[in-house]
Number of protein chains: 2
Amino acid sequence: MSLIARSPKNLGHAIREARKAAGLSQGELAARSGLWQETISKVENGHAGTKLETVFELLAALDLELVARARSKGSASDFEDLF
Amino acid sequence: MSLIARSPKNLGHAIREARKAAGLSQGELAARSGLWQETISKVENGHAGTKLETVFELLAALDLELVARARSKGSASDFEDLF
DNA sequence: ACATTTTATGATCTATGGATCATAATATGA
DNA sequence: TCATATTATGATCCATAGATCATAAAATGT
């Protein structure tokens, strides 16, 4: 599974999906990432002000990485928070 | 060109490469993204505290998107800031 | 080497992130 | 339905991001 992100909301959604796929609760992910459950809640809900550092800590705990690439045409459903 | 990022530094590097590939100076990118040249300098240099919002504004101005995916094995040279 | 970009640094100010605790709202499962 | 687990919200505090201006340092071109 790989999810496209063009906004904090997309990325938060991707993180939530990955966390669920790993069978973890926000609390468990908090424990393994060194962050707080409350913070993870905000990130997953697409808080725009989240720090990059925080996002990468979460990605590392979920064994994910990001790839920056030219935008694809992409189907509308891939970017549900655009509308 | 698509660049793997596991840290703010990787991502900053990717943004710098994309900007150069587009033939833009930080000042020009600042103008088209609504940010400041100084801010872009910090982001490209991997400032960990950068806000997600800021990163996505830059990515949008460069017509880039992110993909979150499971970590690949990856050759060491892809993550030069790890050492 | 020199003039001209371009990029980095530094200071100030205001806004806000995340740690932290408490708790409310939801979801889940028996 | 009810008890329990999970997620969201809200407040406080401290640190720091980004806007903004000024300027230093570095890179580029001829």
Side-chain angles (χ1 to χ4, degrees), chain A residues 1 3 5-66 68 79-83, chain B residues 1 3 5-66 68 79-83:
Chain A
M1 177 206 14
L3 296 164
R6 294 186 183 177
S7 66
K9 213 156 197 164
N10 290 156
L11 192 52
H13 184 246
I15 287 173
R16 171 163 290 168
E17 292 309 308
R19 174 177 61 76
K20 286 182 169 173
L24 299 171
S25 67
Q26 289 181 349
E28 291 169 319
L29 180 55
R32 82 159 61 174
S33 65
L35 296 171
W36 294 80
Q37 177 268 315
E38 296 86 332
T39 299
I40 295 174
S41 171
K42 281 176 122 197
V43 174
E44 289 188 355
N45 282 303
H47 199 68
T50 303
K51 289 194 281 177
L52 247 198
E53 188 180 30
T54 303
V55 169
F56 279 110
E57 277 163 3
L58 244 26
L59 293 173
L62 290 168
D63 203 47
L64 297 176
E65 66 189 7
L66 295 180
F79 317 108
E80 73 275 10
D81 70 276
L82 292 181
F83 29 81
Chain B
M1 176 207 12
L3 297 164
R6 295 187 181 176
S7 66
K9 212 156 195 162
N10 289 156
L11 192 52
H13 184 247
I15 287 173
R16 171 163 290 169
E17 291 309 308
R19 172 177 63 76
K20 285 182 168 173
L24 299 170
S25 67
Q26 289 182 349
E28 291 169 318
L29 180 54
R32 81 159 62 174
S33 64
L35 296 171
W36 292 79
Q37 177 267 316
E38 296 87 331
T39 298
I40 294 174
S41 171
K42 280 173 116 193
V43 174
E44 290 188 353
N45 282 304
H47 200 69
T50 303
K51 288 193 282 178
L52 248 199
E53 186 180 32
T54 302
V55 170
F56 278 110
E57 278 164 2
L58 243 27
L59 293 173
L62 290 168
D63 203 47
L64 297 175
E65 65 190 7
L66 296 180
F79 317 108
E80 73 272 9
D81 70 275
L82 293 181
F83 29 79

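Each chain gets a letter, A, B and so on, in the order its sequence line appears, and its residues count up from 1. Quick caveat: nothing in here was measured; it's all calculated off a predicted structure.
The NE2 atom of A/His13 sits 11.0 Å away from the OG atom of A/Ser7 when rounded to the nearest 0.5 Å. Taken from CD in B/Glu44 to NZ in B/Lys9, the straight-line distance is 13.5 Å, to the nearest 0.5 Å. Between the CD atom of A/Glu65 and the CG atom of B/Leu66 there is a distance of 12.0 Å, given to the nearest 0.5 Å.
The two residues A/Ala48 and B/Leu52 have their closest heavy-atom pair at O-CB, 3.6 Å. The heavy-atom pair separating B/Gly49 from A/Lys51 by the smallest distance is O-CG, 3.5 Å. Residue A/Ala14 comes nearest to A/Leu3 through the heavy atom pair CA-CD1, 3.3 Å, listed as atom of the first residue, atom of the second, then distance.
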For nucleotides 2-7 of chain D, give me every protein contact, N/O to N/O, under 3.5 Å, one pair per line with atom names.
residue	atom	partner	partner atom	Å
D/dT7	OP1	A/Arg19	NH1	2.9
D/dT7	OP1	A/Arg19	NH2	3.3
D/dT7	OP2	A/Gln26	N	2.6

Sort me out a list of protein N/O and nucleotides 11-18 of chain D N/O pairs below 3.5 Å, or just none if empty.
residue	atom	partner	partner atom	Å
D/dA17	OP1	B/His47	NE2	3.0
D/dA17	OP2	B/His47	NE2	3.0
D/dG18	OP1	B/Lys51	N	2.9
D/dG18	OP1	B/Thr54	OG1	2.9

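B/Arg19 places a side-chain N or O within donor-acceptor distance of the main-chain N or O of B/Leu24, the cut-off being under 3.5 Å.
In this structure, CD1 of A/Ile40 is placed 11 Å from P of C/dG18, rounded to the nearest angstrom. Atom-to-atom, CG of B/Leu58 to C1' of C/dT7 comes out at 14 Å; the value is rounded to the nearest Å. Rounded to a whole Å, the CD atom of B/Glu17 is 12 Å from the P atom of C/dT7.
With contacts defined as side-chain heavy-atom distances shorter than 4.5 Å, the pair B/Leu11/A/Phe56 qualifies. Taking the side chain as every heavy atom from C-beta outward, A/Asn45 and A/Arg16 approach each other to under 4.5 Å.
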(request) Summarise how protein sits on nucleotides 24-30 of chain D as a single string, 5' to 3': B when a protein heavy atom is under 4.0 Å from the base, S for sugar-phosphate-only contact, - for no contact. (result) -------
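Direction of the helix axis in the helix from C/dA1-D/dT30 to C/dA30-D/dT1 shifts by 80° between the two five-pair termini, rounded to 10°.
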Distance-only donor-acceptor hits, side chain of residues 29-43 of chain A, under 3.5 Å, sequence neighbours excluded:
residue	atom	partner	partner atom	Å
A/Ser33	OG	A/Leu29	O	2.8
A/Ser33	OG	A/Ala30	O	3.4
A/Ser33	OG	A/Leu35	N	3.3
A/Gln37	NE2	A/Gln26	OE1	3.0

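Under the rule for a side-chain hydrogen bond (donor to acceptor under 3.5 Å, both in side chains), B/Glu53 has no partner lying at least two apart in sequence or in another chain.
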